[in-house]
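Only one structure is covered here, and it is reproduced in the block below.
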Amino acid sequence: MLHGYLFEARGIQSFLFASGKLRDMLNGSELLDYLCSEQGYLDQTLDALDLRPRVVRQAGGSFYLLFKNEHDARRLQAVWRLACAEWVPGLEVVDVVVSGSSARETIAHGLAALRLQRNRLQGDFPRPGPLAERAPRTGLAAVASLHGEALDASTLRQRSFERPQDNRQLTARFMSEEAIWPVNFEQDAPQLTRFPLGNSSLIGLVHADGNGLGELLRLIAKACSDADDEVYVRLYRQFSELVTRATLQATDEASRDVLRPHAEQGVMPARPLILGGDDLTLITRADLALPFVSAWIDAFERHSRDALNELAAAFEQSGLKHFAAELPERLTACAGVCFMKAGQPFRSGHELAESLCKRAKAHSRRAAHGGEIPSSIAWHKVQETLIDDAQALFERNHRIADGDRTLDCSLGVYGLHAGNGLPVLDDLLALLDSFSGGLNDRPLREVATLLRGSLTLASQAYLRWRELAEKQAAADLALFDQSLERLIGDVDQALPFSCGEHRYSPIDDLLALRSVQGKKHETGEQDV
């Protein structure tokens, strides 16, 4: 009989973004990263208890451990709950102790139990009484005052944490080269600590996540149904480590290729927040968000191919050659990007980025072909109050009712490669490049505004723009038409929409990216 202790950190965005200050987010990220890092908080706790469990997974704020007797598992649970509450107060966590006749059965029972635990609400402690002072940034009970500011327990911990120098920091794993990473957005802060925002004064809050990992874990469980525990634990852990390695390699490559060249006086135009397993969250200068994500996904696909080749070899060495043939050639990923002002609530921005990522995943799953889920990206440029549901935002901001039919002014989700049924990001970027010459985007902004009121007036404005463009920038207009046709197929001559009953257009996406790049032809114009 085996006994497992499974632990997962939950509600990470609530913990990280509660105070809204970048410096607190950064220390909070290091706190979370240190939990399961090599020679980090978990390893120190195990050493102090003189426990040597078999590690199935240990990454990204989660760990799955196997023990030979239940007493050791219960002892660690009791100590870890107290230690974790002291280390990261306010962080929502779930943990279970389970038993099974094999490693595979124990982990399966543990994952099922964790799914149930996630649905249980957890209270915040300490609970404030009617006369208790509250931290003004979070509304939680204040436990201390620092420089005249009342702080809750989570924020106080974030403000006071310093990661040990002998433990590799999150930024060092994010990019192998030494760099200066910004720590605040205040314009009066020293330049070597201030985030370089660029022309648009916007940031991109990026959340990326790998596709199909659940299917791969189920394949490992299926392949090991008749294998011994040693094989299952080794393959499960190797898979987790290989995915983490591919993520780190892709992040390092994309950072050096995309972010490093745009550093200002050595200060990087980005800041990593979460990096673990196949998950990635960072803040970057707005105009670099899509180039970074595209480069990261491309590198993740390439490095994951090498990782899966190694995993296939491990399958074969374990006598599971038949199942090795069922492994995919590579892993893919989806991402959501929230373009927002630095002063807007980061917690809501991250929830929106996660929702956009989920929307991209849903589109990619519908476009899956040959067993591979294509990589894709979805984004939104915040104009008003943040809403955390991507679908609700799309229907509210980009969908127009026209009698019994609808017009979509955004394509919503873009694929990274052609041939999978999704509009291709490179085609949108080519459409964007058509405005680098003589084309003026201001009339298109007027068209986008008129669409919400009168299709007739919008068509008249669009045809006037085309007539003038034919005279002044015919080559750029031709590039515009070619790129638009690649994105939506047959194009309506009266409006930049597809033909057919369901009409759609990338006009909102195009204009949003123009404003994200800080490129406007006239001051005072309104963004779409």
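Listed for the K321 side chain is no donor-acceptor partner under 3.5 Å among the backbone atoms of A312. Within the 3.5 Å criterion, the main-chain N or O of Q158 finds a donor-acceptor partner in the side chain of N27. With hydrogens and angles disregarded, a donor-acceptor distance shorter than 3.5 Å links the side chain of S102 to the backbone of E105. The closest donor-acceptor contact from the side chain of H109 to the backbone of S99 lies under 3.5 Å. Distance alone, capped at 3.5 Å, is enough to place a donor-acceptor pair between the T106 side chain and the G100 backbone. Checking side-chain atoms of S376 against main-chain N and O of A360 turns up a donor-acceptor pair under 3.5 Å. Remark: the backbone N or O of K341 is paired with a side-chain donor or acceptor of Q344 at under 3.5 angstrom. Looking at D252, its side chain does come within 3.5 Å of a backbone N or O of S176 through a donor-acceptor pair. Formation of a donor-acceptor pair under 3.5 Å by the S348 side chain with backbone atoms of P345 is not found in this model.
F339 and A289 make their closest contact through CE2-CB, 3.8 Å (heavy atoms, listed as atom of the first residue, atom of the second, distance). Shortest non-hydrogen contact noted between C338 and G349 is CB-O, 3.6 Å. Annotation for C224 and L235: closest pair SG-CD1, 3.8 Å, computed over non-hydrogen atoms. Listed here is the closest heavy atom pair of D43 and S37: OD2-O, 3.7 Å. Closest of all the heavy-atom pairs between L275 and R173 is O-NH2, 3.5 Å. For the pair L273 and L170, the tightest heavy-atom approach, listed with the atom from each and the gap, is O-CD2, 3.5 Å.
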- Run the numbers on D47 and R52 for salt bridge (charged side-chain N to carboxylate O under 4.0 Å, His left out), then give the verdict. CA-CA 8 Å; D47 288 342; R52 298 293 180 268; 3.5 Å; yes

- Show your reasoning for whether side-chain contact (heavy atoms from CB on, under 4.5 Å) applies to L308 and E329. CA-CA 7 Å; L308 288 173; E329 292 185 1; over 6 Å; no

- Message: If you apply the rule side chain to side chain donor-acceptor pair (under 3.5 Å), what do you find for T247 with D278, and how did you get there?
- Response: CA-CA 6 Å; T247 301; D278 63 325; over 6 Å; no

- Where do M175 and M268 land on the side-chain contact (heavy atoms from CB on, under 4.5 Å) test, with the steps shown first? CA-CA 11 Å; M175 189 176 74; M268 298 289 285; 3.8 Å; yes

- Task: Dump the intermediate steps for salt bridge (charged side-chain N to carboxylate O under 4.0 Å, His left out) on D72 and K68, then the final yes or no.
- Result: CA-CA 8 Å; D72 286 343; K68 292 182 178 180; over 6 Å; no

- Query: Given F315 and F239, is the ring pair (Phe, Tyr, Trp, His ring centres under 6.0 Å) satisfied, shown in steps?
  - Reply: CA-CA 11 Å; F315 268 59; F239 170 71; 9.3 Å; no

- Query: Between I283 and F346, does a side-chain contact (heavy atoms from CB on, under 4.5 Å) hold up when you go through it step by step?
  - Reply: CA-CA 10 Å; I283 301 169; F346 281 99; 3.6 Å; yes

- Query: Going through the distances and angles, do R74 and E70 end up as a salt bridge (charged side-chain N to carboxylate O under 4.0 Å, His left out)?
  - Reply: CA-CA 6 Å; R74 295 289 181 187; E70 186 177 2; 3.2 Å; yes

- side-chain contact (heavy atoms from CB on, under 4.5 Å) between V206 and T284, intermediate numbers included: CA-CA 8 Å; V206 177; T284 182; 4.2 Å; yes

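Ring geometry, F161 versus W87: the interplanar angle exceeds 60°, so the pair is classed perpendicular (tilted spans 30 to 60°). The aromatic rings of Y414 and W379 sit parallel to each other, their planes meeting at less than 30°, with 60° as the upper class boundary. Classification of the F174-W181 ring pair by plane angle, with boundaries at 30° and 60°, yields perpendicular.
Between the side chains of Q44 and Y34, at least one donor N or O sits under 3.5 Å from an acceptor N or O. Under 3.5 Å, the side chains of D306 and N309 contain no donor-acceptor pair of N or O atoms. T138 and S19 share no side-chain donor-acceptor pair at under 3.5 Å. Inspection of the T332 and E301 side chains reveals no N or O donor paired with an N or O acceptor under 3.5 Å. S318 and R234 are linked by a side-chain donor-acceptor pair at a separation below 3.5 angstrom, with hydrogens and angles left out of the test. Defined by atom type and a distance below 3.5 Å, a donor-acceptor pair is missing between the side-chain atoms of R137 and T155.
The aromatic ring centroids of H350 and F17 lie less than 6.0 Å from each other. Taking the six-membered ring wherever Trp is involved, the centroid distance between the rings of F292 and W296 does not fall below 6.0 Å. Checked against the 6.0 Å centroid threshold, W80 and Y5 do not count as a close aromatic pair.
A heavy-atom distance below 4.5 Å is not found between the side chains of R330 and R302. The closest side-chain heavy-atom distance from R54 to L2 is below 4.5 Å. Contact check for R159 versus D24: side-chain heavy atoms found under the 4.5 Å cut-off. Proximity of R194 to P182: side-chain heavy atoms (C-beta onward) are nowhere separated by under 4.5 Å. Looking at S225 and R104, their side chains come closer than 4.5 Å, going by heavy atoms from C-beta outward. With a 4.5 Å cut-off on side-chain heavy atoms, L151 and V143 do not count as touching. Side-chain contact check for V258 versus P291: some heavy-atom pair is nearer than 4.5 Å. Here the side chains of V79 and L49 are in contact, with some heavy-atom distance below 4.5 Å.
When the shell of 6.0 Å around CD of E86 is examined, it contains 12 or fewer heavy atoms from other residues, nucleotides or ligands. For E310, the CD atom sits in a packed shell: over 12 heavy atoms of surrounding residues, nucleotides or ligands are nearer than 6.0 Å. Within a 6.0 Å radius of CD in E133, no more than 12 heavy atoms belonging to other residues, nucleotides or ligands are found.
Distance CZ/R305 to CG/L331: 10.5 Å, rounded to 0.5 Å. The structure places CD of E264 at 12.0 Å from CD1 of I180, a figure rounded to the nearest 0.5 Å. Here the CD1-CD distance, from I220 to E326, works out to 12.0 Å after rounding to the nearest 0.5 Å. Of the inter-residue distances, the one linking Q58 atom CD with L35 atom CG reads 10.0 Å to the nearest 0.5 angstrom. Annotation: the span from R75 atom CZ to F67 atom CZ amounts to 9.0 Å, rounded to 0.5 Å. To the nearest 0.5 Å, atom CZ of residue R245 and atom OG of residue S240 are 12.5 Å apart.
Of the candidates L422, D298, I377, V293, I377 is the only one forming a side-chain contact (heavy atoms from CB on, under 4.5 Å) with L416.
A cation-pi arrangement is found for R57 relative to Y64, the charged atom lying closer than 6.0 Å to the ring centre and inside a 45° cone about the ring normal.
Salt bridge E215/R365: present, at least one basic N to carboxylate O contact under 4.0 Å.
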